[in-house]
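Note that these values count all heavy atoms, side chains included, but never hydrogens, waters or copies made by symmetry.
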Amino acid sequence: MRPDDPDHPKSWSRLYRWYITMLSALLVLNATFASSAPEGIIPDLMKQFSFGQEVATLTIALFVAGYCVGPLVWGPLSEQIGRRPVFLITFLVYTGFQAGCALSPNTASILIFRFLGGTFAAAPLANSGAVMSDIWDADTRGKALALFTLAPFAGPALGPTVSGFMAVAGVSWRWVFWLLTLFAGACLVITAITLPETYVPVLLVKRAQNLRKETGDNRYWAPLERNTMPVGQRLKHVLGRPFVVLAREPMLIAITLYMGFIYGCIYLLFEAYPIVFTRGHHFNIGITGLTFLPMFVGSSLGVAAYLVIFNPRYERAMAAFAPHPVPPEYRLELCLWASPMFAISFFWFGWTSYPSISYWAPLMAGVPLGMSIIFLFLGLFNYVIDAYLFVAASALSSMTVVRSLFGAGFPLFAAQMFDKLNPRWASTLLGCLAVLLAPIPFVLRAYGHHLRRNSKYSPTGDLPTKPPVRDEEKGAQVA
């Protein structure tokens, strides 16, 4: 199917494609909002089920752990049956598990429902980026992805705010999960009514089926229908390949480790912020939820800076390198600013966290933290996509699984670490680890082309590292 075909998603109207982009972002926002929503009702859950702080933390950690399982299933499945059926099936089940959390009679049930809910909520995390690739060309995809990237960070920031104020208002903790059920159900209805299929191979299958039905001629077929790989071999290929690629690629290991640390720190702060602001500054749960909003403000500023400053610079690089692709290392420019900023933010937060210092000081550390996280995610994600091309899906799948393991694991020791070390030294430890990892973008920027040339999976090793000299420039130099 050619891009100018009326049925091709890239030929649909720009307004409709922007609507699909916003709907995909809404589905991601729903999933990430649900991941952090129990933060504001943890005291109520501890009282209801008589468990400790560590088990209460599992209501968040297990949901994020579900992100480890989901992408391995929903991404490959969408390439067999299409994006739309996967969204509909998973959100239907996910909505049911949210209702299960609201009706949970004991500890085991709520923890199991949270894990299963996270597994099915991972579908938009795995497939919404693929939808962006389905509907946008390379020139616009960067802008669409920049706006889309806000959703994974807006959700975790908004969840504690909403649930915290519901707890302060005296609303039952069960209504937080009923709210999540209603939100998921509304997204399911909107998706069922307005989201079309965007995966071209599946659209070709439907076209071939219609032609066979209309003409009675069985010679019409689509390539996806001729995929006869055995199920066992297909499962081995789908589930094993991401980790084979990860194990054999040093630069991918470094990027995955860095992004896993960043993602773990995001969810670690759900335990650290209440220690600093609730215990230290005596905020109630609702106001403590608001302390996460500076991170969202920083993320928004980061997206704006990317669209206004860095993306135009990349577009000029595209023109300079044409007809060759731009080397992936050019994607890392914003990471060179972000990696030191990310480390500095933890030192700022930690050493201004004394109760005797105004709460505005640690609060504002969230702005550069949110901005640096957006920069690092945009730069490193785009670098992996540009460097690995045809195996980028496998590389991103392995990154998602490892990143989610960090996100699920960090909250489990966060409260103990901040209690034992106090917020100053705990944040200093995180800042020092961030300093150790900060050189990764600089090393990739300087030596990435050598690593790609020696890579088994990167087909971009022979790209020019500098723009070609134009004929008119040659003439000017001669003159």
Side-chain angles (χ1 to χ4, degrees), residues 9 12-37 63-64 66-67 70-71 74-75 78 82-99 117-136 140-163 176-199 266 292-293 295-297 299-300 302-304 307 370 374 377-378 381 400:
W12 297 343
S13 72
R14 289 184 69 86
L15 182 62
Y16 188 38
R17 284 182 287 162
W18 275 114
Y19 169 77
I20 296 172
T21 301
M22 294 301 104
L23 177 56
S24 300
L26 178 65
L27 298 181
V28 174
L29 176 69
N30 186 307
T32 54
F33 176 82
S35 71
S36 64
F63 193 94
V64 180
Y67 294 171
W74 311 131
S78 75
R83 318 290 191 204
R84 176 180 160 84
V86 169
F87 282 132
L88 293 178
I89 294 169
T90 55
F91 255 77
L92 177 63
V93 180
Y94 163 59
T95 303
F97 285 136
Q98 295 295 68
T119 301
F120 283 85
L125 297 177
N127 292 330
S128 291
V131 172
M132 299 299 99
S133 180
D134 292 341
I135 64 176
W136 292 110
T140 314
R141 192 183 307 140
K143 299 174 184 177
L145 280 174
L147 294 172
F148 171 81
T149 305
L150 269 179
F153 301 103
L158 294 174
T161 305
V162 174
S163 61
V176 171
F177 291 110
W178 284 124
L179 174 65
L180 297 177
T181 303
L182 293 172
F183 189 12
C187 288
L188 173 62
V189 172
I190 295 172
T191 301
I193 295 174
T194 64
L195 182 69
E197 180 56 60
T198 62
Y199 190 48
I266 294 173
F292 292 95
L293 292 184
M295 287 183 60
F296 174 61
V297 172
S299 300
S300 303
V303 169
L307 294 175
I374 279 287
F377 266 69
L378 281 173
F381 258 83
T400 300

Just distance, no hydrogens or angles: give the donor-acceptor pairs under 3.5 Å from side chains in residues 119-127, sequence neighbours left out.
from, atom 1, to, atom 2, distance (Å)
Thr119, OG1, Phe115, O, 3.0
Asn127, OD1, Ser78, OG, 3.2
Asn127, ND2, Trp74, O, 3.4

Spacing of [atom1] belonging to [X] relative to [atom2] belonging to [Y], to within rounding of 0.5 Å:
X	Y	atom1	atom2	value
Phe296	Leu150	CZ	CG	5.5 Å
Leu188	Thr95	CG	OG1	5.0 Å
Ile20	Asp134	CD1	CG	9.5 Å
Phe153	Ser300	CZ	OG	11.5 Å
Leu23	Phe87	CG	CZ	8.0 Å
Trp18	Ser13	CH2	OG	12.5 Å

Student check: side-chain heavy atoms of [X] and [Y] closer than 4.5 Å:
X	Y	answer
Ser36	Phe292	no
Thr181	Trp178	yes
Phe381	Leu145	no
Ile190	Phe91	no

Legend entry - Aromatic ring proximity, centroids under 6.0 angstrom, Tyr94 and Phe97: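 Ring-ring flag for Phe97/Tyr94: false, centres at least 6.0 Å apart.
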[X] versus [Y], closest heavy-atom pair with distance:
X	Y	value
Ala146	Val303	O-CG2, 3.3 Å
Ser299	Gly370	OG-O, 3.6 Å
Leu180	Ala34	CD2-CA, 4.0 Å
Gly155	Leu29	N-CD1, 3.5 Å
Val28	Pro152	CG1-CG, 3.8 Å
Ala151	Ala25	CB-O, 3.3 Å

Legend entry - Residues forming a side-chain hydrogen bond (donor to acceptor under 3.5 Å, both in side chains) with Thr21, sequence neighbours excluded: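 In terms of side-chain hydrogen bond (donor to acceptor under 3.5 Å, both in side chains), with neighbours along the sequence ignored, Thr21 is linked to Trp136.
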Between [X] (side chain only) and [Y] (backbone N and O only), is there a donor and an acceptor less than 3.5 Å apart?
X	Y	answer
Thr194	Thr191	no
Arg17	Ile135	yes
Arg84	Ala192	yes

Inset, instruction - May I ask you to decide if the ring planes of Tyr67 and Phe63 are parallel, tilted or perpendicular, using 30° and 60° as cut-offs? - result: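 Plane angle over 60°, so perpendicular.
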